[in-house]
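Values reported hereafter were calculated over all heavy atoms of this structure, with side chains retained and with hydrogens, waters and symmetry mates removed.
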Amino acid sequence: MSTGPHTGQAAADVLTFGETMLAAQLPGPLAVGAEARTTIAGAESNVAIGLARLGHRAVWAGLVGDDEPGRLILRTLRGEGVDTSHAGVRPEAPTGGMLRERRVADLVRVHYWRRHSAASLLAPPDLAPALRAGARVLHLTGITCALGTGPLEAVRDAAAHAHAHGWTVVLDVNHRHRLWTGEEAGRALLPLLEHVTVLIASDDELPVVTGAFAERPRGEEAAVDALLAAGVREVVVKRGGEGAAFRDGDGSRHTVPALRVPVRDTVGAGDAFCAGYLSGLLDGLPPERRLDRANTLGAFAVASDGDWEGLPRRDELGLLTAAPGTTIR
């Protein structure tokens with residue numbers, strides 16, 4: 001892909017949508033009265049913030065309730081430079097919520113309140129204005145597909161529209177066991193693959209996205225082969241502390257190791273990785289350098305508290321190369 005940071009063109013760099021929630025983050029168990037810090041959280045908005053901090057024009061077109069959590073979400077996204085002009089407010093349903101407890105050491109437990117939320121009401125007409133406005137990249141996640149029949153239909157329509165109009169369609173599998181089973185996810189995501197340009201999945205999510213194939217592939221290599229044969233042009237596999245890998249339909253392969261950083265909070269690392277990869281794609285970087293940027297943003301996420309708060313701006317991308325204990329004066 002071409003150019004680089006947004007320079008005033010009409011179309012967005014990236015359009016994304018999905019559920020963003022009020023998030024209560026606790027340093028210990030709620031049951032003993034740990035004090036909460038309130039913020040916002042959502043896979044797609046985390047990606048949008050990561051991209052906006054790097055200078056790209058990111059549009060978030062989700063739904064929130066006509067309530068204080070909804071207002072906090074829109075204000076926070078606007079404050080981070082994310083375009084919310086196509087976001088919607090639904091007075092008939094509340095904004096969703098989540099509670100994140102640091103249970104012990106770096107083990108985190110997450111609870112959701114998403115049923116009947118405003119985001120679950122999403123339907124294709126809600127996205128029509130954002131799709132008409134255009135974008136270079138459509139970013140989708142499996143989470144939105146799990147929210148109900150309306151959101152799933154909206155994802156499918158958006159993917160078909162983007163593919164037909166020559167956009168790059170990126171699907172992050174992002175499987176959530178508390179939302180649906182692997183089998184349900186596989187059946188829902190399979191029809192999307194014909195529209196997907198780039199598929200991003202952790203190594204343990206590959207069986208989810210290939211599970212509905214007539215012949216289920218076994219192992220990472222076979223799973224990637226099957227996805228490429230299904231029409232996906234690029235497959236990016238996140239391997240956590242082992243780094244990431246890239247393959248495309250032309251036979252190109254790349255593997256990049258992870259950056260070694262102190263781990264403070266792993267939640268949001270996958271979204272940060274996606275933002276880094278999309279940024280590299282928008283900047284026209286070759287695959288290895290896209291993976292490098294993806295790993296860099298993932299490292300910023302795990303070395304910081306919060307889902308998105310520690311993500312870097314463009315002039316901070318090199319900070320992790322500094323020696324431990326460095327003070328920048």
Side-chain angles (χ1 to χ4, degrees), residues 10-21 42-48 51 57-66 70 73-74 77 82-96 112 114-176 179-180 184-200 209 212 230-232 271 274 278:
D13 288 326
V14 177
L15 167 64
T16 191
F17 59 92
E19 182 160 37
T20 298
M21 298 163 285
E44 301 81 10
S45 55
N46 291 345
V47 170
L51 288 165
R57 185 183 171 201
V59 176
W60 181 82
L63 299 179
V64 298
D66 185 14
I73 288 166
L74 295 179
L77 291 177
V82 175
D83 184 339
T84 61
S85 58
H86 297 298
V89 177
R90 288 295 186 91
E92 69 270 33
T95 301
Y112 296 112
R114 310 179 90 144
R115 190 180 298 274
H116 305 306
S117 68
S120 71
L121 303 179
L122 185 74
D126 296 304
L127 293 178
L131 292 171
R132 284 197 299 268
R136 295 166 62 189
V137 175
L138 175 68
H139 167 258
L140 305 168
T141 79
I143 296 174
T144 307
C145 300
L147 299 180
T149 55
L152 176 58
E153 185 181 355
V155 168
R156 288 177 173 170
D157 279 15
H161 174 97
H163 182 242
H165 288 78
W167 306 10
T168 296
V169 179
V170 179
L171 172 65
D172 178 10
V173 175
N174 220 336
H175 182 58
R176 293 289 183 269
L179 294 178
W180 56 356
E184 291 170 327
R187 289 194 298 271
L189 297 179
L190 182 62
L192 292 176
L193 297 182
E194 64 179 308
H195 304 305
V196 171
T197 316
V198 181
L199 184 137
I200 300 175
V209 76
V232 177
D271 305 328
C274 287
L278 292 183

A.B. asks: For L199 and V173, which heavy atoms make the closest approach, and how far apart are they?
C.D. replies: CD2-CG2, 4.1 Å
A.B. asks: Could you check if a side-chain atom of L189 sits within less than 4.5 angstrom of a side-chain atom of C145, using non-hydrogen atoms only?
C.D. replies: yes
A.B. asks: I need the minimum non-hydrogen distance between H163 and V169, along with the two atoms involved.
C.D. replies: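 Looking at all heavy atoms of both residues, the closest pair is N-CG2, 4.0 Å.
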A.B. asks: Drop me the distance from L179's CG to R115's CZ, to the nearest 0.5 angstrom.
C.D. replies: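 Going from CG on L179 over to CZ on R115, the span is 10.0 Å.
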A.B. asks: Tell me, which pairs form a side-chain hydrogen bond (donor to acceptor under 3.5 Å, both in side chains) where one or both residues lie in residues 119-132, sequence neighbours left out?
C.D. replies: R90-D126
A.B. asks: Please report, to 0.1 Å, the donor-acceptor pairs under 3.5 Å made by any side chain of residues 148-159, with sequence neighbours excluded.
C.D. replies:
from	atom 1	to	atom 2	distance (Å)
R156	NH2	A188	O	3.0

A.B. asks: Quick one: ring pair (Phe, Tyr, Trp, His ring centres under 6.0 Å) partners of H86, sequence neighbours excluded?
C.D. replies: none
A.B. asks: Thinking salt bridges, do D13 and R136 make one under a 4.0 Å N-O criterion?
C.D. replies: yes
A.B. asks: Report yes if some heavy atom in the side chain of L122 is under 4.5 Å from a heavy atom in the side chain of L147; otherwise report no.
C.D. replies: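 They are not in contact (no side-chain heavy atoms under 4.5 Å apart), so the answer is no.
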A.B. asks: Side-chain contact test, heavy atoms from C-beta onward, threshold under 4.5 Å: evaluate it for V64 versus T20 and give yes or no.
C.D. replies: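 Heavy-atom side-chain distance check fails, nothing below 4.5 Å.
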A.B. asks: Rounded to the nearest 0.5 Å, what separates atom CG in L127 from atom CG in L15?
C.D. replies: 7.0 Å
A.B. asks: How far does CG of N46 sit from CG of L51, to the nearest 0.5 angstrom?
C.D. replies: 11.0 Å
A.B. asks: How many angstroms lie between CD in E44 and OG1 in T144, if you round to the nearest 0.5 Å?
C.D. replies: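 It is 3.5 Å, given to the nearest 0.5 Å.
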A.B. asks: Please find the pair of heavy atoms, one from G65 and one from A118, that lie closest to each other, and give the distance.
C.D. replies: N-CB, 3.5 Å
A.B. asks: Please state whether the rings of H161 and W167 are parallel, tilted or perpendicular, taking 30° and 60° as the class boundaries.
C.D. replies: perpendicular
A.B. asks: H116: which residues meet the side-chain contact (heavy atoms from CB on, under 4.5 Å) condition with it, sequence neighbours left out?
C.D. replies: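 None.
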A.B. asks: Taking only residues two or more places apart in sequence or in another chain, which ones pass side-chain hydrogen bond (donor to acceptor under 3.5 Å, both in side chains) with N174?
C.D. replies: D172, R176, D271
A.B. asks: Could you walk me through whether L77 and S45 pass the side chain to side chain contact (heavy atoms under 4.5 Å, CB included) check?
C.D. replies: CA-CA 8 Å; L77 291 177; S45 55; 3.8 Å; yes
A.B. asks: State which residues pass side-chain contact (heavy atoms from CB on, under 4.5 Å) with A230; sequence neighbours excluded, sorted by chain then number.
C.D. replies: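 L193, F213.
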A.B. asks: If every non-hydrogen atom of A130 is compared with every non-hydrogen atom of A61, which pair is closest and at what distance?
C.D. replies: CB-CB, 4.1 Å
A.B. asks: Heavy atoms only: give me the nearest H175-W180 pair and the separation to one decimal.
C.D. replies: CE1-O, 3.2 Å
A.B. asks: With L171 as reference, evaluate L138, L140, T141 under the side-chain contact (heavy atoms from CB on, under 4.5 Å) test and give the passing residue.
C.D. replies: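 Among the candidates, only L140 passes.
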A.B. asks: State, with a plain yes or no, whether a side-chain heavy atom of I143 is found less than 4.5 Å away from one of E19.
C.D. replies: no
A.B. asks: Give me the atom names and distance for the closest heavy-atom approach of V47 to C274.
C.D. replies: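 For V47 and C274, the tightest heavy-atom pair comes out as CG2-CB, 4.1 Å.
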A.B. asks: For the backbone of W60 and the side chain of T16, can you confirm whether one donor and one acceptor N or O come within less than 3.5 Å of each other?
C.D. replies: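 Flag not set: sc T16 to bb W60 has no pair under 3.5 Å.
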